[in-house]
Amino acid sequence: MLERMRHASPLVQCITNFVAMNYAANVLLAAGASPAMVHAPEEAGEFARLADALTVNIGTLSTDWLEGMLAAARAANEAGKPWVLDPVAHFATGFRRRAVQQLLALQPGIIRGNASEIMALAGVASAGRGVDAGDSVQQAEAAATRLAQSTGAVVAVTGAVDFVTDGSNAARIHGGSALMPRVTAMGCALTCLMGAFAAAIPENLFLATVSALACFGAAGAQAEPAADGPGSFAWRFVDALAALDAAALAAQVEQISV
Ligand SMILES: Nc1ncnc2c1ncn2[C@@H]1O[C@H](COP(=O)(O)OP(=O)(O)O)[C@@H](O)[C@H]1O
Ligand SMILES: Cc1ncsc1CCOP(=O)(O)O
Ligand SMILES: [Mg+2]
């Protein structure tokens, strides 16, 4: 799947936050995709028609940006392009809660969040307060399965061991590094990479999601040993993604039953 994605070099429209824009674009370029950070309401819908996939992340939301997100998601649906939702800290304020409901109504193909975000989206009490998780992936697995069944989306919960399900298939993805949650925008960049795989494998969004998670698991594990801390890990991770050997990825994935 990695080779297929690299060969396709998909154009991915990433509506992500101010914090993540630069790092996420570098992650996509390193992995072999072509990112474009296009969010203005005047053009987001038009661009979504020509891009191969769309990712929407509400990390630094404003009224203008939300308008662009909704226009892009509608256009992606009309054009038959897959889109991915990253509901960053959606539980924190009324503005975010309303925004995420509007976006969910447009039926994203993939939803990716940390454990607290996914639990809250499924209506379960969570310990999340801001953008970082306060719950473990294990605590979120049942909520993720229910969310996948009620929305029809593939749902990915990230953390020490990731969990992904489409409601009937499920997998856990191992690897990564404890330094990853200490680098901002890692999760946001991963969401953008899911868009690249969704563009390359639109007929199987579960496999696309697993592939993106496996890339992060493998690259994280490879980047960690030589890193002096979160700073050097961040750039070593980008190098590891660029050097990733597709043959190494399957070892990260454990197929499980739901
Ligand atoms: N403790 C950990 N050990 C290994 N990998 C981790 C750990 N925490 C997060 N990751 C990895 O970091 C990436 C981002 O996940 P996460 O930190 O949950 O997202 P977010 O930034 O949205 O909170 C994922 O690839 C995940 O597997
Ligand atoms: C710090 C911060 N504040 C608003 S969005 C954002 C980035 C969050 O990135 P991630 O969820 O990938 O850690
Ligand atoms: Mg994070």
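All ligand and atom numbering here is 1-based and tracks the order in the structure. Residues: numbered from 1 along the sequence shown. These numbers come from the heavy atoms of this one structure, side chains and all, not from hydrogens, waters or symmetry mates.
- A distance-only check finds a donor-acceptor pair linking the side chain of S116 to the backbone of D135 [under 3.5 Å].
- S177 counts as a contact of ligand 1, since one of its heavy atoms falls under 4.0 Å from the ligand.
- Between R112 and T209, the side chains place no donor N or O within less than 3.5 Å of an acceptor N or O (distance only, hydrogens not considered).
- For ligand 2, the atoms sitting less than 4.0 Å from at least one non-hydrogen atom of M186 are 12 (O), numbered in the order shown with element in parentheses.
- Note that CG of N57 and CD1 of I15 are 10.0 Å apart. Values are rounded to the nearest 0.5 Å.
- Close contacts between ligand 2 and N17 involve ligand atoms 5 (S), 7 (C) [criterion: under 4.0 Å to a heavy atom].
- Within the structure, the closest approach of A185 to ligand 2 falls below 4.0 Å when heavy atoms are considered.
- Put simply, the side chain of R97 gets close to the backbone of F91: a donor and an acceptor are under 3.5 Å apart.
- Close approach to G175 involves these atoms of ligand 1, each under 4.0 Å from a residue heavy atom: 4 (C), 5 (N).
- Judged by distance alone, with hydrogens and angles left aside, the side-chain atoms of R96 form a donor-acceptor pair with the main-chain N or O of G59 at under 3.5 Å.
- The CD atom of E3 sits 11.0 Å away from atom CE of M5, with the distance rounded to the nearest 0.5 Å.
- Every atom of ligand 1 with a heavy atom of P181 under 4.0 Å away is listed here by number and element: 7 (C), 8 (N), 9 (C).
- Those atoms of ligand 1 that come under 4.0 Å of a heavy atom in G159, given as number and element, are 5 (N), 6 (C), 7 (C), 8 (N), 9 (C), 10 (N), 11 (C), 18 (O), 26 (C), 27 (O).
- The ligand atoms of ligand 1 that sit less than 4.0 angstrom from a heavy atom of N114 are 18 (O), 23 (O).
- Atom SG of C215 and atom CG of L241 lie 6.5 Å apart (nearest 0.5 Å).
- Among E117, R112, M186, the residue whose heavy atom sits closest to atom 22 (O) of ligand 1 is R112.
- Listed by number with element, the atoms of ligand 1 under 4.0 Å from a non-hydrogen atom of D162 are 26 (C), 27 (O).
- Of the N or O atoms in C188, one or more lie within a sub-3.5 Å distance of an N or O in ligand 2.
- Remark: side-chain polar atoms of R74 are not paired, donor with acceptor, to backbone N or O of G45 under 3.5 angstrom.
- For ligand 1, the atoms closer than 4.0 angstrom to any heavy atom of G176 are 4 (C), 5 (N).
- Residue contacts with ligand 1 for L190 involve side-chain atoms from C-beta outward but no N, CA, C or O (heavy atoms, distance under 4.0 Å).
- Note on ligand 1: A178 sits in its first shell, one or more heavy atoms being nearer than 4.0 Å.
- Contacts of A185 with ligand 1, taken as heavy-atom pairs under 4.0 Å, are absent altogether.
- Below 30°, between 30° and 60°, or above 60°: for F237 and F216 the angle between ring planes is above 60°, a perpendicular geometry.
- Counting the atoms of ligand 2 from 1 in the order shown, those under 4.0 Å from a heavy atom of T184 are 1 (C), 7 (C), 8 (C), 9 (O).
- Annotation for ligand 2: atoms under 4.0 Å from non-hydrogen atoms of G187 are 12 (O).
- Panel note: side chain D166, backbone V154; no donor-acceptor pair is recorded below 3.5 Å.
- Close approach to G187 involves these atoms of ligand 1, each under 4.0 Å from a residue heavy atom: 14 (C), 19 (O), 20 (P), 21 (O), 22 (O).
- In this structure, T16 and Y23 have side chains that are not in contact, with every pair of non-hydrogen atoms separated by 4.5 Å or more.
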